[in-house]
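The structure under discussion appears below in the form of structure tokens.
Labels below follow one simple rule: chain letters A, B, ... track the order of the sequence lines, proteins then strands, and each chain is numbered from 1.
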Amino acid sequence: MLVNRKLILAHFWLAFAVFGFALTLGAWQMFIRSPIGTWLSNPELYYRSLTAHGTVMGYVFPTLVAMGFGYAISESALEQRLVGVRWAWTGFWLIVAGSIMALIPIALGRASVLYTFYPPLIGNVFYYLGVVLVVVGSWIWVALMSVNLRVWRKAHPGAPVPLAMFANVAGSYLWAWTAVGAALELLLQIIPVAAGLKATIDAGLARIFFSWTLHAIVYFWLMPTYIAYYTIVPRAIGGRVYSDSMARISFILFLVVAMPIGMHHTFADPMVGAGFKFIHSAFTALVALPTLLTVFTICASVEIAARLRGGRGMFGWIKALPWDNPMMLALAFSFVMLGFGGAGGLINMSYQLDASIHNTQWITGHFHLIFGGAIVIMYFAIAYDLWPHLTGRELIDLRLIRTQLWLWFIGMIVTTFPWHWVGILGMPRRMAYFDFGDPAIAPQALSVTFSAIGGFILLASGIMFIVILARGMRAPLADAGPYRFALAVHQPATVPVALNTHALWVALMIALTLTNYGYPILNLALSSGTSVPAVYVGAQ
Amino acid sequence: MSAEQAHGSASAEVAARVERRWATIAVIIIVCMALLAAFAGIHRATMPQPRVETIDPSRIHLSGEFVESNLGSVLEANGNVTVRAIGQQYSFTPACIVVPADTPITLRATSADVVHGILIQGTNVNTMLVPGYISEQLMRFTRTGDYLMPCQEFCSFGHEGMWGKVKVIDKADFAGRAKGGGRLSCVGQ
Ligand code: HEM
Ligand SMILES: [Cu+2]
Ligand SMILES: [Cu+2]
């Protein structure tokens, strides 16, 4: 029952438009700092581009996808018209306004602080205010998801909340709480300085606040993808979800353990002691658990589909899968990239190994593989799956869709594998230029060239994606029927309260954040003499 | 699905059993990883910096450990070496660090302005420089030669030009140069 289709389409279209823009910048960055690019006489342009690319890809694009998808889930899984449509549009327009407000100072070179905005570098105040507006817009969505679930519960006392909505609301709570770290940093520390009310700032404390956001935001990006794994893929390929309760447990685990581990981003930092670093490292290991459970459940669900289609044998069933189905293809690519990316992630999380790759190109290679690869390819699949229901028109060109997915997968591998490799060689990240003529840097030239070529394959795939969706707006009318989610093999008639509500888990999430962050934050906030003079970007 | 319903509860039990087994394996993997990290940290002493030390960056040029005349490498009485360095937009001081091979070295560094990082290519030496705080790392080189030392965190428009160097020389050579006391570096060599 998708009623507010315009609202959902607006979110998706804005998401994919800004994605196309940032993707173009990404490909340009890749080219310009590679040996095949010519030296940019003004490196400052690179950092404007990088700030725009990171801000859009990190904050605007995934947030809009999660919101649009969230509204679609709420209406179709609950079979209930969205409550608060006006508010939803308000959130949308706040994001539009915030993005424009942030992008103008970036384009003018007044906010080249990159999306992590590490103080004491300080850019134009409107950049930060723009980011705050984007976050506030998304918080409206969080509130609406909660309200809509509550309305539904009233009408269906005690009934199991559909898995898609349960996960969607868990993701929204995770986002609401993880954004608080950066919000505190922006509101208490950065914006007063950027507005000229203060001239000093505690750079170490700011990094701790940001790490509060920086890890769990990754799981917020991942949520739509995991929801698609569990609730769309099995239906699309003709199977069933292996286990409804394991799925709920996985989403609960994300909610609880994604939060109190962000200090693994500060392993190499001087303002946190070894004790808290170890605690965060250990908790980080825990977050692998829901992913391991998911890999099992999804593989089992896929096997069920194959066997229902007549697949036989220990591995023979793999042949029986519907490989020409874009959803199947996207899932397989996503899992391959998740496998490689996850292995890389295990390296990052151990503080002994982290020292050899921290802040090198390995890191950018890693998160492009996971985020740009495993996660974004499922955003594509979600869009393809929902599109006929949103437009009332058929997506006819399956072959083009498959080609697009193949190109994204190949492009990601070609881009990110060499990207990891030069990181191991010690190539630092976020640099506009490398002197490949230096004999010590020359061995990296070939790998960087491959990455740049991969970047253009990705750009081509991204353009195809947008073209396919645009053509889908004009295809012949066809009724796609109601939008449905996958059922479990044993669809539960009742679900234990703990697996049907979020309150307990949200409380646990907040409690663990306080135990793991409270002391380091208070310690620095209360100690004097750690504030340093702000350095304004573009002030000279 | 009618056949399945007949086997419903039996197959549900099998499913639950397989699932529990996998969950157990997953938990064991994770516990092992955490233990491995703890072991490496304690036994091999590969730990991040244990203590938090602060410093006022607006005064580091005037007095204390990081005044210009105290930067560089110094041979301590016990035979170890201490290197003191600062990062600022867009260079390290000293821009070329000289150290002996096969010697325990303590790197102490901080930033005079924004966040920077020190990374010595081909080694595990990698730390952030956050203004207001002192970073300390232990290191030891087994191979003599030149190593590049880029800044690994964006520090504004000149970041791409912030590359230092580390020169690892023979232990006896270093001892000879250190005889006169003072702070050593390889700037201008
Ligand atoms: C598809 C989704 C993508 C996402 C979500 C994404 C996200 C990001 C983010 C968050 C950053 C960090 C910015 C920073 O360090 O401040 C980044 C950096 C970068 N991205 Fe992307 N990106 C995507 C695609 C691409 C593509 C296709 C390319 C082109 C090949 C690309 C090239 C780059 C480059 C060159 C950097 C800067 C690396 C550096 O200088 O250290 N990205 N990206
Ligand atoms: Cu993280
Ligand atoms: Cu730098």
Side-chain angles (χ1 to χ4, degrees), chain A residues 43-44 46-47 112 114 118-121 202-204 207 242-243 246 266-274 277-278 281-282 285-286 288-289 292-293 296-297 300 346 350-352 355-356 358-360 425-426 428-434 438 440-441 489-490 527 529-533 535 537, chain B residues 4 8 11-12 15-16 18-19 22-23 26-27 29-30 33-34 36-38 40-41 44 46-54 56-58 89 113-115 117 119-122 124-136 146 148 150-161:
Chain A
E44 199 222 312
Y46 182 86
Y47 301 118
S112 302
L114 309 193
Y118 290 130
L121 268 187
D202 188 330
R207 288 174 70 81
Y242 185 75
S243 162
M246 200 50 117
T266 65
F267 281 163
D269 279 19
M271 72 283 167
V272 188
K277 284 175 183 164
F278 181 75
S281 177
L286 273 183
L289 186 59
L292 287 172
L293 296 178
F296 173 83
T297 305
L346 293 181
S350 101
Y351 54 49
Q352 290 81 18
S356 57
H358 172 72
N359 263 1
T360 67
L425 296 180
R429 65 186 284 202
R430 300 175 146 181
M431 280 198 170
Y433 170 74
F434 293 94
D438 184 321
I441 301 181
V489 175
H490 301 282
S527 69
T530 48
S531 283
V532 301
V535 177
V537 167
Chain B
E4 184 178 301
S11 72
V18 177
E19 202 170 67
W22 173 255
V27 169
I29 293 175
I30 283 157
M33 285 192 311
L36 209 64
R44 307 284 307 274
T46 48
M47 292 276 271
Q49 175 177 351
R51 282 174 308 144
V52 178
E53 283 182 80
T54 60
D56 181 353
S58 57
Q89 289 173 325
D113 42 41
V114 300
V115 176
L119 162 72
I120 303 180
Q121 290 192 342
N124 285 344
V125 179
N126 192 342
T127 187
M128 303 306 302
L129 305 183
V130 181
Y133 301 86
I134 298 173
S135 302
E136 184 174 295
D146 289 354
L148 289 180
C151 167
Q152 39 76 332
E153 184 55 274
F154 175 70
C155 49
S156 200
F157 300 146
H159 169 56
E160 74 287 340

### Message
Ignoring hydrogens, what is the shortest heavy-atom contact between Pro57(B) and Pro533(A)? Give both atom names and the distance.
### Response
CG-CD, 4.5 Å

### Message
I'd like to check Pro119(A) versus Val115(B) (side-chain heavy atoms, cut-off strictly below 4.5 Å). Are they in contact?
### Response
no

### Query
Quick one: of Leu129(B), Ile120(B), Leu119(B), who has the most non-hydrogen atom pairs under 4.5 Å with chain A?
Leu119(B)

### Smallest separation among heavy atoms of Met271(A) and Val130(B), with atom names
SD-CG2, 4.5 Å

### Task
Return the option, out of Asp202(A), Ile441(A), Leu293(A), Val532(A), with the maximum number of heavy-atom pairs under 4.5 Å with chain B.
Val532(A)

### Query
Of the listed residues (Gly132(B), Gly158(B), Ala26(B)), which shares the most heavy-atom pairs with chain A below a 4.5 Å separation?
Ala26(B)

### Message
Is the shortest side-chain heavy-atom distance between Leu289(A) and Val27(B) below 4.5 Å?
### Response
yes

### Query
Between Thr54(B) and chain A, which part of the residue has a heavy atom less than 4.5 Å away: side chain, backbone, both or neither?
side chain

#### Entry: Heavy-atom pair count under 4.5 Å with chain B, highest-scoring of Ser112(A), Ser527(A), Ala288(A)
Ser112(A)

### Task
Look at the rings of Phe154(B) and Tyr47(A) and say which category their plane angle falls in: under 30° parallel, 30 to 60° tilted, over 60° perpendicular.
tilted

### Task
Report the C-alpha distance between Thr297(A) and Trp22(B) in whole Å, list the side-chain angles of each, state the deciding distance to 0.1 Å, and finish with yes or no for side-chain contact (heavy atoms from CB on, under 4.5 Å).
CA-CA 10 Å; Thr297(A) 305; Trp22(B) 173 255; over 6 Å; no

## Note on the structure
Closest heavy-atom pair, Gly426(A) versus Gln121(B), reported as atoms and distance to 0.1 Å, is O-NE2, 2.7 Å

### Query
Of the backbone (N, CA, C, O) and the side chain (C-beta and beyond), which part of Thr360(A) lies under 4.5 Å from a heavy atom of chain B, both, or neither?
side chain

## Note on the structure
Smallest heavy-atom separation, Ala440(A) atom then Leu148(B) atom, equals CB-CD1, 3.6 Å

### Message
Need one label for Leu425(A): side chain, backbone, both or neither, based on atoms under 4.5 Å from any heavy atom in chain B.
### Response
backbone

### Query
What distance do Glu160(B) atom CD and Tyr46(A) atom OH have between them, rounded to the nearest 0.5 Å?
10.0 Å

### Query
Are any of the side-chain heavy atoms of Tyr118(A) and Val114(B) separated by less than 4.5 Å?
no

### Query
Which distance, rounded to the nearest 0.5 Å, do you find between the CG of Asp269(A) and the OG1 of Thr127(B)?
7.5 Å

### Message
For a side-chain contact (heavy atoms from CB on, under 4.5 Å) check, start with the C-alpha distance between Met128(B) and Asn359(A), then their side-chain angles and the critical distance, and finish with the verdict.
### Response
CA-CA 9 Å; Met128(B) 303 306 302; Asn359(A) 263 1; 3.7 Å; yes

### Query
Just wondering, do Glu153(B) and Arg430(A) contact through their side chains at under 4.5 Å, heavy atoms?
yes

### Query
To the nearest 0.5 Å, how far apart are CE in Met431(A) and NE2 in His159(B)?
4.0 Å

### Query
If you look at every heavy atom in Tyr133(B) and Pro270(A), which pair is closest and at what distance?
CB-CG, 3.6 Å

